[in-house]
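Below is one structure, written out as structure tokens; the observations come after it.
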Amino acid sequence: MSGLLPQSFYEGDPAEVARGLLGKLLVRLLDRCRLSCIIVETEAYYGPDDPASRARRGGELRRIMGGDVGVALIYGIHRQWLLNIVAHEKGECGAVLIRSGKPLEGIEIMKRLRGLDDAHLLASGPGRLTRAMHVDKSMHGKPIYIRDHGLWIEDYVDVPSSMIARSHRIGVSKDLPTPLRFYIKGNEFVSRRVRGV
DNA sequence: CGCCAGATTGACT
DNA sequence: GTCAATCTGGCGG
């Protein structure tokens, strides 16, 4: 079997993990069918000091974001489920939002789940990606460094740093000074909600 | 207990 | 361009 990312992959600065996830394969097992997307866009979120982080509000999300790394954190907003992976250094708090993917396996199933034919719209956006891969709240809190829950991440390609661009996070009103969105330069499957990006 | 804001999407005046 | 749908947790805006 190919390279399942180990839990240790997610132990590190959220921005570094977010960069490292570009080019990896997000895999979903659904009724013995493999759905997968190449991750092309991510964002890093930190703890209570990050004004855009859900951890700022405390509660369950903060506990999960400060807990075991490599765990799925599913965040419901505006009728969408957003997929995050808990990632931080020891004793810290943070997560990586998976924003966009390029569909690779199970494309016909994804088209059915999305009710769309255009591959460029299947998983280009955090809410679109979760719908295309049938990820919902039932995945919340589940480790993704094992295959037991039907959702995991595998090695796929190495993306050289010259191919990685960064920008400010999309849709946040109070961002940190550091750009924390990472994406593959020029990739057609990156979501485009900001003019000129 | 109700209201508000927010890491979005897609349909429509 | 504009707006509504709908989930979560903090706060009384």
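Letters A, B, ... mirror the listed sequences (proteins, then strands); counts begin at 1.
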Measure from [atom1] on [X] to [atom2] on [N] and round the result to the nearest Å.
X        : N      : atom1 : atom2 : result
A/Glu41  : B/dA7  : CD    : P     : 15 Å
A/Tyr45  : B/dG6  : OH    : P     : 13 Å
A/Asp136 : C/dC7  : CG    : P     : 12 Å
A/Arg114 : B/dA11 : CZ    : C1'   : 14 Å
A/Ile170 : B/dT9  : CD1   : C1'   : 13 Å
A/Trp81  : C/dA5  : CH2   : P     : 18 Å
A/Leu129 : B/dT8  : CG    : C1'   : 13 Å
A/Asn84  : B/dT8  : CG    : P     : 11 Å

Can you find a side chain N or O atom of A/Lys137 that sits less than 4.0 Å from OP1 or OP2 on C/dT8?
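Yes.
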Does A/Arg131 make a side-chain N or O approach to OP1 or OP2 of B/dT9 shorter than 4.0 Å?
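Negative; the distance criterion is not met.
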Using a 6.0 Å cut-off, check whether atom NE2 of A/His134 has over 12 heavy atoms from anything other than its own residue.
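Not buried by this count: 12 neighbours or fewer within 6.0 Å.
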Other residues, nucleotides and ligands only: do more than 12 of their heavy atoms fall within 6.0 Å of CG on A/Asp136?
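Check passes, neighbour count above 12.
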Measure from the side-chain heavy atoms of A/Pro126 and tell me the nearest of B/dG6, C/dT8, B/dT8.
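The closest nucleotide is B/dT8.
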Let me check something: do A/Leu176 and A/Val96 share a hydrophobic cluster, defined by ILVMFWY side-chain heavy atoms less than 4.5 Å apart, either directly or through other members?
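As far as the 4.5 Å side-chain criterion goes, A/Val96 and A/Leu176 are not connected within one cluster.
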Should the pair A/Arg169 and A/Tyr45 be classed as cation-pi, given the thresholds of under 6.0 Å to the six-membered ring centre and 45° from the axis?
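Satisfied, under 6.0 Å and within 45°.
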Could you check A/Lys174 against A/Leu116 and say which one's nearest nucleotide on DNA chain B is further toward the 5' end?
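The residue mapped nearer the 5' terminus is A/Lys174.
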If you measure only the distance, is there a donor-acceptor pair under 3.5 Å linking the side chains of [X] and [Y]?
X        : Y       : result
A/His168 : A/Glu43 : no
A/Ser191 : A/Arg99 : yes
A/Tyr10  : A/Asp68 : no
A/Tyr75  : A/Arg54 : yes

Output yes when [X] and [Y] qualify as a salt bridge under the 4.0 Å nitrogen-oxygen rule, no when they do not.
X        : Y        : value
A/Glu105 : A/Arg28  : no
A/Arg112 : A/Asp117 : no
A/Lys24  : A/Asp155 : yes

Which value, in whole Å, describes the distance between the [atom1] atoms of nucleotides [N] and [M]?
N      : M     : atom1 : answer
C/dG13 : C/dG9 : C1'   : 16 Å
C/dC7  : C/dC3 : P     : 22 Å
C/dA4  : B/dC4 : C1'   : 16 Å

Could you pull out the protein-nucleic contacts involving nucleotides 11-13 of chain C (nitrogen or oxygen on both sides, under 3.5 Å)?
none

Secondary-structure string, 5' to 3', Watson-Crick or G-U under 3.5 Å, | for another-strand partners, for DNA chain C
|||||.||||||.
Residue of the set A/Ile38, A/Leu129, A/Val135 for which side chain to side chain contact (heavy atoms under 4.5 Å, CB included) holds with A/Leu26
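Exactly one candidate clears the test, A/Leu129.
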Of residues 51-80 of chain A, the positions that come close to DNA chain C - non-hydrogen atoms, cut-off under 4.0 Å
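Here the set is A/Arg57, A/Gly58, A/Gly59, A/Glu60, A/Gly76, A/His78, A/Arg79.
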